[in-house]
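Before any comments, here is the structure.
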Amino acid sequence: MIEYESKIRLLKELRGQGIADPDVLSAIERVPREMFVPEAFRSRANDNDALPIGHGQTISQPVVVAYMTGQLELGGRMKVLEIGTGSGYQAAVLSTLCRRVYTIERYRALLRQAERRFDELRFSNITTRWDDGSRGWPEVAPFERIIVTAAAADVPPVLLNQLAPDGVMILPVGGDDEDQQLLKCRKRGEDVHYETLWPVRFVPLLADTVDDSGR
């Protein structure tokens with residue numbers, strides 16, 4: 001009962017912060033965030049806070065997850081690439097709203113934990129990869145949607161090249177020691193249109209490196 005009440009409180013808070021898309025709110029309601037945080041933080045899983053998940057990484061605030069998801073303008077037949085699996089929560093939310101999610105994580109330990117959660121919760125339309133996310137996933141590109149959950153210094157051309165025509169990419173841009181902005185990139189033919197959204201704070205997108213400590 002307490003868990004249900006905290007989820008209802010969270011949904012009300014999200015609506016109060018401008019999250020109005022009923023499909024996104026339904027996805028947030030359906031995916032149990034408590035399954036994606038360390039046990040020590042499960043009592044706070046439905047708080048609208050970022051929480052640590054190990055390896056210097058965090059699970060984003062629910063309002064940020066909901067906002068980024070809504071800005072992707074998802075359709076049920078779309079193929080989505082996520083850079084930065086983390087706990088797996090964002091991928092799980094996306095999986096309820098699209099055909100397939102391809103998600104890449106550089107920390108093997110985090111990826112293995114996320115994979116166990118996907119299996120336990122039967123999210124069967126998520127495909128994972130342990131790799132440097134800055135390279136994308138060229139073997140299965142193009143993607144109708146791309147979401148990046150780590151901050152790049154600038155929009156990575158490699159990821160733009162893997163975005164389908166009329167595709168949308170959402171990512172935070174900015175250095176670790178400067179203000180970051182959430183950017184929406186929409187591909188129109190040979191052109192890309194950019195829209196600045198919210199100020200945010202994400203861990204940096206690290207290129208040319210992976211972490212094998214969880215093997």
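Keep in mind that what you see is a predicted model, and the values were worked out from it rather than measured. Nothing fancy with the numbering, it's 1 onward along the sequence.
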[X] and [Y]: which non-hydrogen atoms are nearest, and at how many Å?
X: Leu163; Y: Lys187; answer: O-NZ, 2.7 Å
X: Val148; Y: Ala150; answer: CG1-O, 3.3 Å
X: Pro32; Y: Lys7; answer: CA-NZ, 4.5 Å
X: Arg100; Y: Thr127; answer: NH1-OG1, 2.9 Å
X: Ala152; Y: Leu205; answer: CB-CD2, 4.0 Å

Measuring from atom [atom1] of [X] to atom [atom2] of [Y], what distance do you get when rounded to the nearest 0.5 angstrom?
X: Asp47; Y: Phe41; atom1: CG; atom2: CZ; result: 11.5 Å
X: Gln71; Y: Leu182; atom1: CD; atom2: CG; result: 7.5 Å
X: Leu72; Y: Ile147; atom1: CG; atom2: CD1; result: 5.0 Å
X: Asp49; Y: Leu10; atom1: CG; atom2: CG; result: 10.0 Å
X: Gln113; Y: His55; atom1: CD; atom2: NE2; result: 6.5 Å
X: Glu13; Y: Gln17; atom1: CD; atom2: CD; result: 5.0 Å

Are the charged groups of [X] and [Y] less than 4.0 angstrom apart, N to O?
X: Arg135; Y: Asp132; answer: yes
X: Arg99; Y: Glu144; answer: no
X: Arg188; Y: Asp166; answer: yes

For this session: Classify the side-chain pair Ser87/Gln57 by whether it contains a donor and acceptor separated by less than 3.5 Å.
Result: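 Short answer, no.
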
For this session: For Thr196 and Gln181, test the side chains for any donor-to-acceptor distance below 3.5 angstrom and give the result as yes or no.
Result: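 There is no such pair between these side chains.
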
For this session: Mind telling me whether Trp137 and Tyr102 have parallel, tilted or perpendicular rings, with 30° and 60° as the class edges?
Result: perpendicular

For this session: Describe, in one word, how the ring planes of Phe118 and Phe123 are oriented to each other, choosing from parallel (under 30°), tilted (30 to 60°) and perpendicular (over 60°).
Result: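 Ring orientation of Phe118 relative to Phe123: perpendicular.
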
For this session: Could you please spell out the steps behind the side chain to side chain contact (heavy atoms under 4.5 Å, CB included) verdict for Thr149 and Tyr89?
Result: CA-CA 11 Å; Thr149 61; Tyr89 179 66; over 6 Å; no

Exercise. When Arg129 is tested against each of Glu139, Glu82, Glu115, Glu105 for salt bridge (charged side-chain N to carboxylate O under 4.0 Å, His left out), which residue passes?
Worked result: Glu139

For this session: Answer with yes or no whether the hydrophobic clustering places Val140 together with Val158; edges join I, L, V, M, F, W, Y residues whose side-chain heavy atoms lie under 4.5 Å apart.
Result: no

